[in-house]
Participant: 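Sharing a structure, written as structure tokens. Questions coming.
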Amino acid sequence: MAKTKPGKKDLHSYTIKGTNKVVRAGDCVLMRPSDSDKPPYVARLEKIEADHRNNVKVRVRWYYRPEESMGGRRQFHGAKELFLSDHFDMQSAHTIEGAFTPDRVAVYCKCEMPYNPDDLMVQCEGCKDWFHPSCMGMTIEEAKRLDRFMCSNCSSDDDANRSLNAYPASPFIEAKVDSKRRKR
């Protein structure tokens, strides 16, 4: 844990004002916006500390909604999608409105994007992860011609020098869609 400034002490938890809900570092919380017409902000608690007067402050790492980011909301963004940013702030703990448990979304490829049925993906026979051809340095046409595929993490340096058609076999994208439907 990081050192605390003199006169301040690290706290292991904080009880949200007006509730009996206890939050700890690592938990996600809803923070009250200054404009009551806006939805609450979402942040991850990084640290909780109190000063000599017992005023509690929290160091937070903000989540952004797509419309709050540079690219804005796009067609492929989910209605409740959030991005964990590298923006940190100190805030009064009294602005915490509640706890927030983010939905876990499976991500694929080295770009760590969720599955999009409109994008072709190939499956590595080694790790069984799915990859976008462009992220693996190949065209969609090359990916469609593959008989077998091993990602760069699963193949040795010697294997990486082989031609694309020499990689171990990958199933068709329909297999991925079917397997996702069975999981629901």
Side-chain angles (χ1 to χ4, degrees), residues 1-5 8-51 53-122 127 129-137 140 151 153 173 176-177 179-181 183-184:
M1 197 174 268
K3 287 189 175 182
T4 305
K5 294 179 184 176
K8 297 190 180 199
K9 63 180 177 181
D10 285 340
L11 301 178
H12 295 287
S13 63
Y14 173 76
T15 303
I16 300 171
K17 189 176 179 177
T19 74
N20 62 357
K21 178 66 178 162
V22 175
V23 292
R24 294 173 175 72
D27 289 347
C28 293
V29 293
L30 299 172
M31 306 287 288
R32 185 175 32 262
S34 55
D35 182 350
S36 62
D37 291 339
K38 290 187 174 183
Y41 296 116
V42 181
R44 184 172 74 191
L45 293 181
E46 299 292 319
K47 183 178 183 179
I48 307 168
E49 64 183 34
D51 65 15
R53 289 188 234 157
N54 220 23
N55 293 319
V56 180
K57 297 253 183 198
V58 291
R59 178 173 166 79
V60 297
R61 183 174 182 186
W62 296 108
Y63 280 88
Y64 288 128
R65 293 175 177 88
E67 56 272 13
E68 298 167 337
S69 67
M70 250 166 76
R73 182 167 290 281
R74 304 248 176 106
Q75 182 180 3
F76 55 82
H77 288 128
K80 298 187 290 183
E81 188 161 355
L82 298 170
F83 305 101
L84 185 60
S85 75
D86 58 0
H87 177 188
F88 294 84
D89 275 322
M90 288 298 286
Q91 298 286 313
S92 169
H94 294 300
T95 62
I96 299 174
E97 291 185 332
F100 176 77
T101 305
D103 294 338
R104 298 288 178 203
V105 175
V107 294
Y108 301 91
C109 191
K110 64 183 185 179
C111 67
E112 297 185 347
M113 291 296 291
Y115 174 68
N116 180 344
D118 297 332
D119 292 339
L120 175 71
M121 296 183 87
V122 293
C127 63
D129 201 357
W130 291 87
F131 297 88
H132 300 105
S134 60
C135 293
M136 300 311 293
I140 290 173
C151 73
N153 288 340
I173 192 68
K176 179 174 185 175
V177 173
S179 69
K180 286 196 143 304
R181 287 185 184 137
K183 290 180 184 175
R184 289 184 186 166

Participant: Are Arg65 and Leu82 packed together at the side-chain level, in the sense that at least one heavy-atom pair is separated by less than 4.5 angstrom?
Facilitator: yes
Participant: Any chance you could measure Glu46, atom CD, to Arg59, atom CZ, to the nearest 0.5 Å?
Facilitator: 7.0 Å
Participant: Could you walk me through whether Ile96 and Tyr14 satisfy the side-chain contact (heavy atoms from CB on, under 4.5 Å) test, starting with their C-alpha distance in whole Å, then the side-chain angles of each, then the deciding distance to 0.1 Å, before giving a yes or no?
Facilitator: CA-CA 10 Å; Ile96 299 174; Tyr14 173 76; 4.2 Å; yes
Participant: Return the OG to NZ distance between Ser13 and Lys21, rounded to the nearest 0.5 Å.
Facilitator: 11.0 Å
Participant: Could you give all pairs that pass the side-chain hydrogen bond (donor to acceptor under 3.5 Å, both in side chains) test and reach residues 80-90, with sequence neighbours left out?
Facilitator: Trp62-Asp89, Tyr64-His87, His87-Asp89
Participant: Could you give the distance from CG (Leu120) to CH2 (Trp130), rounded to the nearest 0.5 Å?
Facilitator: 9.0 Å
Participant: Taking ring pair (Phe, Tyr, Trp, His ring centres under 6.0 Å) as the test, write out the residues that go with Phe83, two or more places apart.
Facilitator: His77
Participant: Name each donor-acceptor pair under 3.5 Å that joins a side chain in residues 25-40 to protein atoms two or more places apart or in another chain, with its distance.
Facilitator:
{"unit_1": "Asp27", "atom_1": "OD2", "unit_2": "Arg24", "atom_2": "N", "d": "2.8"}
{"unit_1": "Arg32", "atom_1": "NH2", "unit_2": "His94", "atom_2": "O", "d": "2.6"}
{"unit_1": "Asp35", "atom_1": "OD1", "unit_2": "Asp37", "atom_2": "N", "d": "3.0"}

Participant: Any chance CG of Leu84 has more than 12 other-residue heavy atoms, nucleotides or ligands included, within less than 6.0 Å?
Facilitator: yes
Participant: Roughly how far, to the nearest 0.5 Å, is the CD atom of Gln91 from the CG atom of Leu45?
Facilitator: 11.0 Å
Participant: Which heavy atom of Gly78 sits nearest a heavy atom of Arg73, and at what distance?
Facilitator: O-NH1, 2.9 Å
Participant: Step by step, would you call Val60 with Arg44 a side-chain contact (heavy atoms from CB on, under 4.5 Å)?
Facilitator: CA-CA 5 Å; Val60 297; Arg44 184 172 74 191; over 6 Å; no
Participant: Can you tell me how far apart NE2 (His132) and CE (Met121) are? Round to the nearest 0.5 Å.
Facilitator: 4.0 Å
Participant: Using the rule given for side-chain contact (heavy atoms from CB on, under 4.5 Å), can you reason through Lys57 versus Asp51, listing the C-alpha separation, both sets of side-chain angles and the distance that settles it, and then say yes or no?
Facilitator: CA-CA 8 Å; Lys57 297 253 183 198; Asp51 65 15; over 6 Å; no
Participant: Looking at every heavy atom in both Ala99 and Val23, which two are closest together, and how far apart are they?
Facilitator: CB-CG1, 4.2 Å
Participant: Can you list the steps and then say if Asn54 with Lys9 is a side-chain contact (heavy atoms from CB on, under 4.5 Å)?
Facilitator: CA-CA 9 Å; Asn54 220 23; Lys9 63 180 177 181; 4.2 Å; yes
Participant: Quick check for you: to the nearest 0.5 Å, what is the distance between Asn153 atom CG and Phe131 atom CZ?
Facilitator: 6.5 Å
Participant: Within a radius of less than 6.0 Å around CD of Glu112, do more than 12 heavy atoms belonging to other residues, nucleotides or ligands occur?
Facilitator: no
